[in-house]
Amino acid sequence: MKLATWNVNSLKVRLPQVTDWLVSNEPDVLCLQETKLQDLNFPINEISAVGYQSVYVGQKAYNGVALLSKQTGEMVTTAIPGFKDDQKRIIAATYNDVRVICIYVPNGENIESDKYQYKLAWLFALNRWVREELIKYPKLVLLGDFNIAPEDPDVHNPEIWEGKVLCSQAEREAYFALLNLGLVDSFRLFDQPEKSYTWWDYRMMAFRRNQGMRIDHILLSNELVSICEACMIDKSTRKLEQPSDHVPVMVELSEL
DNA sequence: ATGGTAGAGGATCTA
């Protein structure tokens, strides 16, 4: 079973890249963030044409998440239960007894912003919900755009970014609180290239200089860690015309 | 201190 996540920064613009990527990589499930589409505009036919079903929840202009899958997902959820939120940032479904939770964590803007407080509150609500989901679904994958670089090796210039949004102590504590529920960062299960990142600012030639951050993650519950065979970042999509500022991350699980 | 780019939507807001 192959599971992937990709913040596409507008599915309308990135649709040809997404369908090409599905054909080339054949994931069982691809999780998308920042689709930036209202539900009535979701391109179900174009995605169906390459053999994938879609479930999605979106809104005008911002946010929006989706699950593209070969098989039909069950128990689809499109909000964190008990957390009032106008922003469409989560979608979850179950495939082969594997609970797949796709998240688009708020960016936070900067640590003085109201958006930062919203981010921390959102992460707290996520934690409470994932704790409950792990009881129901021992095979669980939490993946998406976390907007958190967990440790200094995940940041191109940790001295400059120290304490700033995406790297602040409170955000990192919220990330490790998720791991403490019984989740593992699949990327660090394996040897990886130095300076591996998943996002580079569009500005200042950040990608060419590899001035990025690793903020997109695939976390696995303990039951899935033992059957995880690989986790890789696909930088190739950042070299295409009109790229997203994020690139896909994918895991391979055996025996599923 | 500011700007640099991209996307949505039609002026700014978000990232």
Side-chain angles (χ1 to χ4, degrees), chain A residues 5-21 30-43 46-47 56-66 85-91 102-123 126 143-150 154-168 170-172 174-175 197-217 233-249:
Chain A
T5 178
W6 192 4
N7 179 325
V8 290
N9 185 22
S10 167
L11 182 56
K12 183 180 178 185
V13 173
R14 234 64 69 190
L15 181 58
Q17 294 182 25
V18 169
T19 51
D20 286 352
W21 199 86
L30 173 60
C31 305
L32 302 179
Q33 301 87 35
E34 284 203 88
T35 56
K36 298 186 174 180
L37 289 174
Q38 297 184 86
D39 290 347
L40 58 92
N41 296 326
F42 199 91
E46 291 87 341
I47 288 161
Y56 44 85
V57 60
Q59 64 189 89
K60 190 187 245 186
Y62 305 116
N63 308 311
V65 285
D85 191 0
D86 294 331
Q87 303 190 18
K88 307 304 185 188
R89 295 181 172 277
I90 80 115
I91 189 163
C102 167
I103 65 172
Y104 175 44
V105 177
N107 172 281
E109 192 177 31
N110 65 66
I111 65 168
E112 283 84 34
S113 169
D114 289 346
K115 298 196 192 84
Y116 181 76
Q117 294 305 319
Y118 165 61
K119 178 178 195 172
L120 295 180
W122 197 95
L123 286 163
L126 176 71
L143 72 172
D145 178 359
F146 284 63
N147 268 317
I148 301 170
D154 303 313
V155 182
H156 74 272
N157 193 334
E159 294 77 22
I160 285 174
W161 279 89
E162 185 180 3
K164 299 231 168 64
V165 76
L166 312 185
C167 302
S168 74
E171 290 164 89
R172 287 177 167 179
Y175 172 85
Y197 308 128
T198 64
W199 168 83
W200 300 261
D201 199 300
Y202 282 121
R203 295 166 289 189
M204 294 164 60
M205 295 181 285
F207 180 67
R208 195 176 64 70
R209 298 171 171 173
N210 197 29
Q211 295 182 340
M213 286 199 200
R214 194 174 69 92
I215 57 177
D216 300 85
H217 308 297
I233 295 169
D234 180 8
K235 282 173 69 172
S236 69
T237 62
R238 194 63 160 84
K239 298 166 185 167
L240 300 170
E241 290 285 317
Q242 277 195 296
S244 171
D245 48 350
H246 296 250
V247 296
V249 186

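Below, chain A is the first sequence line, B the second, and so on; all start at residue 1.
When heavy atoms are screened at a 4.0 angstrom cut-off, Arg89(A) is found touching the sugar-phosphate backbone but no base atom. When heavy atoms are screened at a 4.0 angstrom cut-off, Tyr104(A) is found touching the sugar-phosphate backbone but no base atom. Counting any heavy atom pair closer than 4.0 Å across all strands shown, Glu109(A) reaches no nucleic acid atom.
Mapping heavy-atom proximity under 4.0 Å, the span of DNA chain B touched by chain A runs 5' to 3' from dG3(B) to dA15(B).
Distance noted for atom P between dG3(B) and dT12(B): 16 Å (whole Å). A gap of 13 Å separates the C1' atoms of dG9(B) and dT14(B), to the nearest Å.
In this pair, His217(A) and Phe146(A) present their aromatic rings perpendicular. The plane angle is above 60°, beyond the 30 to 60° band.
Partners of Asp114(A) under the salt bridge (charged side-chain N to carboxylate O under 4.0 Å, His left out) rule, at least two apart in sequence or in another chain, do not exist in this structure.
No hydrogens or angles considered: a donor-acceptor pair under 3.5 Å links the side chains of Trp21(A) and Asp234(A).
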Can you list, pair by pair, the side-chain donor-acceptor contacts under 3.5 Å of residues 157-165 of chain A, counting residues two or more places apart and other chains?
unit_1, atom_1, unit_2, atom_2, d
Asn157(A), OD1, Ile160(A), N, 3.4
Lys164(A), NZ, Ile160(A), O, 2.9

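Taking the side chain as every heavy atom from C-beta outward, Tyr116(A) and Glu171(A) approach each other to under 4.5 Å.
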Please test Thr198(A) against Ile215(A) for side-chain contact (heavy atoms from CB on, under 4.5 Å), starting from the C-alpha separation and ending with a verdict. CA-CA 6 Å; Thr198(A) 64; Ile215(A) 57 177; 4.0 Å; yes
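Place Asp145(A) and Asp201(A) on DNA chain B by their nearest nucleotides, and Asp201(A) ends up nearer the 5' end. Annotation: of the two residues near DNA chain B, Asn7(A) and Arg14(A), the 5′-most nearest-nucleotide partner is Arg14(A).
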